[in-house]
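Both ligands and their constituent atoms are indexed starting at 1 by order of listing. Everything numeric here is computed off the predicted structure, so don't read it as measured data.
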Amino acid sequence: MIKKFIRRVFRLDDRSGPLVIPFGKHGVKRESLSNGARKVCEGLQEAGFSAYVVGGAVRDLLLEVQPKDFDVATNALPEDVHRLFRRSRLIGRRFKLVHVMFGSETIEVSTFRAGAAAEGLGGQHATETDEHGRVLRDNVYGNREQDAARRDFSINALYYDPSDQSILDFHHGLRDLKKKTVSIIGDPRARFREDPVRMLRAARFAAKLEFKIDERTRAPIADMAPLIENVPAARLFDEMLKLLLSGHAASCVRELREAGLHHGLLPMLDVILEQPMGERFVMSALAETDERIRAGKSVSPAFLFAALLWHEVLAALKKEEAHGMRPVPALHAAMDAVLDLQTDKLAIPRRFTAVMKEIWLLQPRFEQRSGKRPYSLVGNERFRAAYDFLLLRCSSGECPKELSAWWERFQHASPDERDEMLMPAEAGERRPRKRRRRPARGHAEGEAGGKPPAPQAE
Ligand code: ATP
Ligand code: MG
């Protein structure tokens with residue numbers, strides 16, 4: 001009886017330990033790790049520490065997907081890790097981590113730590129929370145079990161030991177992988193309160209892996225979704241970027257909508273998605289991004305955010321014009337209004353917003369197809385992005401396909417062909433400063449003057 005008690009208190013009882021899954025049962029060879037991940041684990045183990053590959057990499061290897069990167073967890077302190085590897089640096093203010101560099105590869109090494117749940121395990125409780133229970137600081141080192149318990153989902157809490165090629169499974173991650181289920185570790189409400197971003201992560205993993213979020217995990221999300229609003233804007237932006245660049249952005253956004261999570265994210269996304277034309281526009285932007293990523297091509301986050309917010313800019317533009325503002329200043333005012341509101345919620349860095357504005361500002365210029373203007377537009381350094389954006393607008397029905405077809409031909413035409421393609425100049429075009437009366441809505445083909453695109457989505 002006493003022995004049993006002691007074993008339980010010191011967590012020596014086998015039943016409280018992890019399942020140890022030998023190589024024969026999972027088949028992940030140490031050779032499938034990156035060179036860096038193996039060297040870091042070997043280096044740490046030779047120095048007497050324990051070290052495991054953890055998180056997404058183990059999950060992906062089990063699913064036979066190429067991991068994006070490799071993370072290592074160890075009982076060595078960050079300073080020990082830094083000392084052991086010449087090319088490494090200590091990073092992180094909230095929690096110290098070490099980045100170890102091998103050629104172009106960076107391995108993130110974290111010391112086992114205890115999350116907020118460590119309280120119950122007798123660990124010293126040094127977490128600090130805001131008034132909603134969101135964890136602000138959780139800088140307590142812990143043991144392996146605690147490290148597993150503070151992770152988000154069972155499928156992300158598998159520990160691979162390259163020395164014997166075994167996997168430690170603390171929370172039935174392997175079972176959930178087989179069941180294609182995203183299941184949060186511990187009490188869902190408590191875990192989402194600690195860090196509301198986990199709700200977004202659940203949606204991202206479900207979409208990316210084509211898994212289901214289990215009922216227990218999903219149930220409180222609708223209720224708790226508003227907590228996303230307390231997450232700092234910069235963190236939200238990072239998580240959104242991961243989601244949008246996952247190669248599964250379209251299905252992630254669908255997941256988010258189903259879970260009712262899109263409201264707090266891009267404050268306008270829900271409005272946009274509820275308009276048929278806005279939804280078509282956003283969804284085709286996301287589908288195209290996914291295609292590019294899956295084909296190994298680069299994508300520009302600025303382009304993507306420009307697309308996500310475009311219909312909101314159009315709506316703001318319409319308002320400004322209704323107040324009698326001239327088209328170009330109205331477009332500037334609309335962009336600023338949308339970005340101001342947006343960056344409050346989601347800190348889109350300035351390097352992105354600058355490009356977003358350039359893309360938006362070039363849109364009216366596609367309607368100018370006479371004189372020298374088409375030549376200068378084709379020569380603009382943002383022409384490619386702006387043209388791709390025009391394609392989206394045309395394919396979502398916002399402007400006639402004939403317009404994008406014209407530009408497709410024009411940019412590839414010979415100088416003679418280009419001259420022939422030009423539209424006749426309209427009266428007043430040489431005096432763009434003079435204001436002409438024009439209809440408030442609709443796209444008159446070949447209309448001159450920097451007319452911003454008319455908002456059509458209602
Ligand atoms: P990806 O393949 O998208 O990188 P990942 O699972 O590796 O997926 P990361 O964001 O790189 O995700 O995080 C690495 C690991 O850290 C996760 O697998 C998880 O164990 C843990 N983790 C990350 N974010 C959280 C969080 N918000 N709460 C708890 N654990 C987290
Ligand atoms: Mg990762």
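For the atom pair NZ of Lys39 and CG of Leu33, the computed distance is 12.5 Å after rounding to the nearest 0.5 Å.
Atom numbering of ligand 1 starts at 1 in the shown order; those under 4.0 Å from a heavy atom of Lys208 are 1 (P), 2 (O), 3 (O). Those atoms of ligand 1 that come under 4.0 Å of a heavy atom in Phe205, given as number and element, are 6 (O), 8 (O). Shown in contact with Gly56 at under 4.0 Å from a heavy atom are these atoms of ligand 1, numbered in order with element: 5 (P), 6 (O), 7 (O), 18 (O). Counting the atoms of ligand 1 from 1 in the order shown, those under 4.0 Å from a heavy atom of Gly55 are 18 (O).
Not a single heavy atom of Glu239 sits closer than 4.0 Å to an atom of ligand 1. Ligand 1 has Arg150 within reach: a non-hydrogen atom of the residue lies less than 4.0 Å from it. The shell of residues lying under 4.0 angstrom from ligand 1, judged by heavy atoms, excludes Val197. Heavy atoms of Phe153 come nearer than 4.0 angstrom to ligand 1 in no pair at all.
By the ring pair (Phe, Tyr, Trp, His ring centres under 6.0 Å) test, Tyr387 pairs with Phe383, sequence neighbours left out.
Between the side chain of His171 and the backbone N or O of Gly173, no donor-acceptor pair lies under 3.5 Å. With Asn75 contributing its side chain and Ser50 its backbone, the two residues share a donor-acceptor pair below 3.5 Å. A distance-only check finds no donor-acceptor pair linking the side chain of Glu358 to the backbone of Arg382 [under 3.5 Å].
Looking only at protein heavy atoms, the nearest one to atom 3 (O) of ligand 1 is Arg204 NH1, 2.7 Å. The nearest protein atom to atom 14 (C) of ligand 1, hydrogens excluded, is given as Asp71 OD2, 3.5 Å; this is a heavy-atom distance. At the shortest separation from atom 30 (N) of ligand 1 among protein heavy atoms lies Asp152 N, 3.2 Å. The nearest protein atom to atom 28 (N) of ligand 1, hydrogens excluded, is given as Arg198 NE, 2.8 Å; this is a heavy-atom distance. Looking only at protein heavy atoms, the nearest one to atom 16 (O) of ligand 1 is Arg151 NH1, 3.5 Å. Residue, atom and distance of the protein heavy atom nearest to atom 10 (O) of ligand 1 are Lys242 NZ, 2.6 Å.
A salt bridge does not link Asp195 with Arg191: none of the charged nitrogens is closer than 4.0 Å to a carboxylate oxygen. A salt bridge links Arg218 with Glu255: the distance from a Lys NZ or Arg NE/NH1/NH2 to an Asp or Glu carboxylate oxygen falls below 4.0 Å.
Nearest-residue assignment for atom 27 (N) of ligand 1 (options Leu245, Asp195, Leu209; heavy-atom criterion): Asp195. Compare Arg59, Lys68, Glu108, Arg201 by their heavy atoms: the one nearest to atom 22 (N) of ligand 1 is in Arg201.
In plain terms, the two heavy atoms of Arg193 and Met224 that are nearest each other are N-CE, 3.9 Å.
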Quick one: side chains of residues 295-306, donor-acceptor pairs under 3.5 Å with protein atoms, not counting sequence neighbours, listed by atom name and distance.
unit_1: Ser300; atom_1: OG; unit_2: Ala302; atom_2: N; d: 3.3
unit_1: Ser300; atom_1: OG; unit_2: Phe303; atom_2: N; d: 2.9

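Ring pair Trp310/Phe281 is tilted by interplanar angle, where 30° to 60° counts as tilted.
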